[in-house]
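Numbering of ligands and ligand atoms starts at 1, following listing order.
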Amino acid sequence: MRKVSIFGATGSIGQNTIDLISRQPDTYDVVALTGGRNIKQLAQDAKRLGADVSVTAFDDCLEDLRAALAGSGIHAAAGQAALIEAAARPADWIMSAIVGAAGLAPGIEALKQGATLALANKETLVCAGPLVLDTARQHNARLLPVDSEHSAVFQALVGEDMASVERIIITASGGAFRDWPLSELAGATVEQASNHPNWNMGQRITIDSASMFNKALEVIETKEYFGVRPEQIEVLVHPESTVHALVGFRDGALMAHLGAPDMRHAIGYALHWPERLDLPVSRLDLAQLGQLRFNTPDEDRYPALRLAREVMQRGGLSGAIFNAAKERALDHFIERRIRFPDMADAVAAVLERFEAENGLIDAPLTLDNVKQTDHLARKWVDETVFQRAG
Ligand code: NDP
């Protein structure tokens, strides 16, 4: 039996992972399932899969979790320390699918026990790429990409030498506002931004797709995971979301990865790697699809892409600052305190303020320094937002 744990089990990626492992109940022994506030789902899955431990990230949800698990023999726990303890429980394969920077510390702990970490949580590499990769190396742990673009690149690179890679192209659907007049973006609502043209995902990542903050994180993730230079990474808007990524080689060949927009492909690839096993995903009918379109993204529409390039050039703790500012700006947009384009303005302002006022951006890349910059970046976004409002 293969021991597996799922962090962020109640979310979109977590539920797709559970869908796959519950199809082969005799293959997997579930160690830990973690969630946030969706206690009903967390307890139901923990019981169905016979997990050893079930953890909610939030202390105020512990009583509900205990009640929901009463009589099952499953240990219930809550809070950050409990998440770290769950990540240290011996497992062969751990899914990192918590949303946001909260996924970083459990991911690092999972690597410390030498597990294979299936990384959906892109923030882990954005906030602390070199630290995470060093930890994996030191503990002989493996990091497998789950983001569909990175899984696609990883698959296109099988058997290839990184030295022959010229460029990596990741695609973006363009999100909910791809065809909107620029002048109307300021009036975009949360509901409109939460409506993805092709993928069915959690609300936060869907809004991040509309702003391309999600793609911006993925560009940084590409640089960290594959160790390429920023100028080797390109983004193309591809409305059909069929080609997930392409790798260009020194002989001019382009290897593309195509698939239906279903995260169970990338999750399943990471679950079964290095084998390819049957997956319950629909097969592409290219003739029916008819055409595949590609365009260069307009950085006036998607300023997050420009900010990602600045972050990659800047290095240090700028990835952690960028991500934290983005997460907080997104909270304010969802809570309807700022307009859609204000998110990028707020992130740019916080990055500039770190340059001007605080040497922390060049501090060593440690978990403590990531936490400190993360905290300050969120505070500064709040100050910007409340100053404007007041
Ligand atoms: P969801 O919002 O659907 O799920 C997030 C999960 O994290 C839930 O289990 C949630 O618990 C839990 N959670 C929320 N806040 C915290 C916290 N502070 N501490 C610990 N756990 C928390 O997200 P997705 O599944 O969409 O995305 C997960 C990660 O995967 C993200 O990093 C995203 O960028 C990445 N990703 C997602 C893709 C997708 O298709 N959805 C594609 C590629 C990457 P609860 O719901 O119980 O409150």
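Residue nearest to atom 33 (C) of ligand 1, selected from Asn323, Ile205, Leu42, Asn214: Ile205 (by heavy-atom distance). The heavy atom nearest to atom 9 (O) of ligand 1, considering only Leu83, Thr10, Thr17, Val55, is found in Thr10. Of the candidates Gly11, Gly8, Ser148, the one placing a heavy atom closest to atom 4 (O) of ligand 1 is Gly11.
The nearest heavy-atom contact from the protein to atom 34 (O) of ligand 1 is Lys122 CE, 3.1 Å. What sits closest to atom 6 (C) of ligand 1 on the protein, heavy atoms only, is Ala97 O, 3.6 Å. Counting only heavy atoms of the protein, atom 22 (C) of ligand 1 lies nearest to Ile98 CG2, 3.8 Å. At the top of the distance list for atom 12 (C) of ligand 1, counting protein heavy atoms only, stands Gly36 N, 4.2 Å. The protein non-hydrogen atom at the shortest distance from atom 19 (N) of ligand 1 is Ala57 CB, 3.3 Å. The nearest heavy-atom contact from the protein to atom 23 (O) of ligand 1 is Val99 CB, 4.0 Å. Of the protein's heavy atoms, Arg37 N, 2.8 Å lies nearest to atom 48 (O) of ligand 1.
Residue-ligand proximity, Ile13 to ligand 1, at heavy-atom distances under 4.0 Å covers atoms 25 (O), 30 (O), 37 (C), 38 (C), 39 (C), 40 (O), 41 (N), 42 (C). Listed by atom number, the atoms of ligand 1 under 4.0 Å from Gly202 heavy atoms are 3 (O), 26 (O), 41 (N). Here is the list of ligand 1 atoms found below 4.0 Å of a heavy atom in Asn121: 32 (O). Near Ala120, meaning under 4.0 Å from any of its heavy atoms, are these atoms of ligand 1: 30 (O), 32 (O), 35 (C), 36 (N), 44 (C). Interface of Ala102 with ligand 1, defined as ligand atoms under 4.0 Å from a residue heavy atom, comprises 17 (C), 18 (N), 19 (N). Under a 4.0 Å criterion applied to the non-hydrogen atoms of Met201, ligand 1 contributes the atoms 39 (C), 40 (O), 41 (N). Residue Asp147 has at least one heavy-atom neighbour below 4.0 Å for each of these atoms of ligand 1: 43 (C), 44 (C).
Any N or O atom pair closer than 3.5 Å counts here, and Phe58 shares no such pair with ligand 1. Backbone and side-chain nitrogen or oxygen atoms of Asn38 are examined, and one is located within less than 3.5 angstrom of a nitrogen or oxygen of ligand 1. Between Ser12 and ligand 1, at least one pair of N/O atoms sits closer than 3.5 Å.
The aromatic ring centres of Phe226 and Phe154 sit 6.0 Å or more apart.
Using a 4.5 Å cut-off on side-chain heavy atoms (C-beta onward), Leu289 and Thr242 make contact.
Of the heavy atoms in Glu123, only side-chain atoms (C-beta onward) come closer than 4.0 Å to ligand 1.
Remark: the Ser173 side chain and the His196 side chain contain an N/O donor-acceptor pair separated by less than 3.5 Å. For the 3.5 Å distance criterion, the side chains of Thr189 and Gln192 qualify, holding a donor opposite an acceptor. Using a 3.5 Å distance cut-off with no hydrogens or angles, the side chains of Ser241 and Asn198 do pair a donor with an acceptor. His150 and Thr222 are linked by a side-chain donor-acceptor pair at a separation below 3.5 angstrom, with hydrogens and angles left out of the test. Under the 3.5 Å distance criterion, with hydrogens and angles disregarded, a donor-acceptor pair is assigned to the side chains of Asp382 and His332. For the 3.5 Å distance criterion, the side chains of Gln24 and Arg2 fail to qualify, holding no donor opposite an acceptor. Using a 3.5 Å distance cut-off with no hydrogens or angles, the side chains of Lys122 and Asn214 do pair a donor with an acceptor.
Remark: Lys3 does not engage Asp92 in a salt bridge, criterion side-chain N to carboxylate O under 4.0 Å. Contact check on Arg167 versus Glu234 returns a salt bridge, with a Lys/Arg side-chain nitrogen under 4.0 Å from an Asp/Glu carboxylate oxygen.
The backbone N or O of Glu166 lies less than 3.5 Å from a partner atom in the side chain of Gln232, making a donor-acceptor pair.
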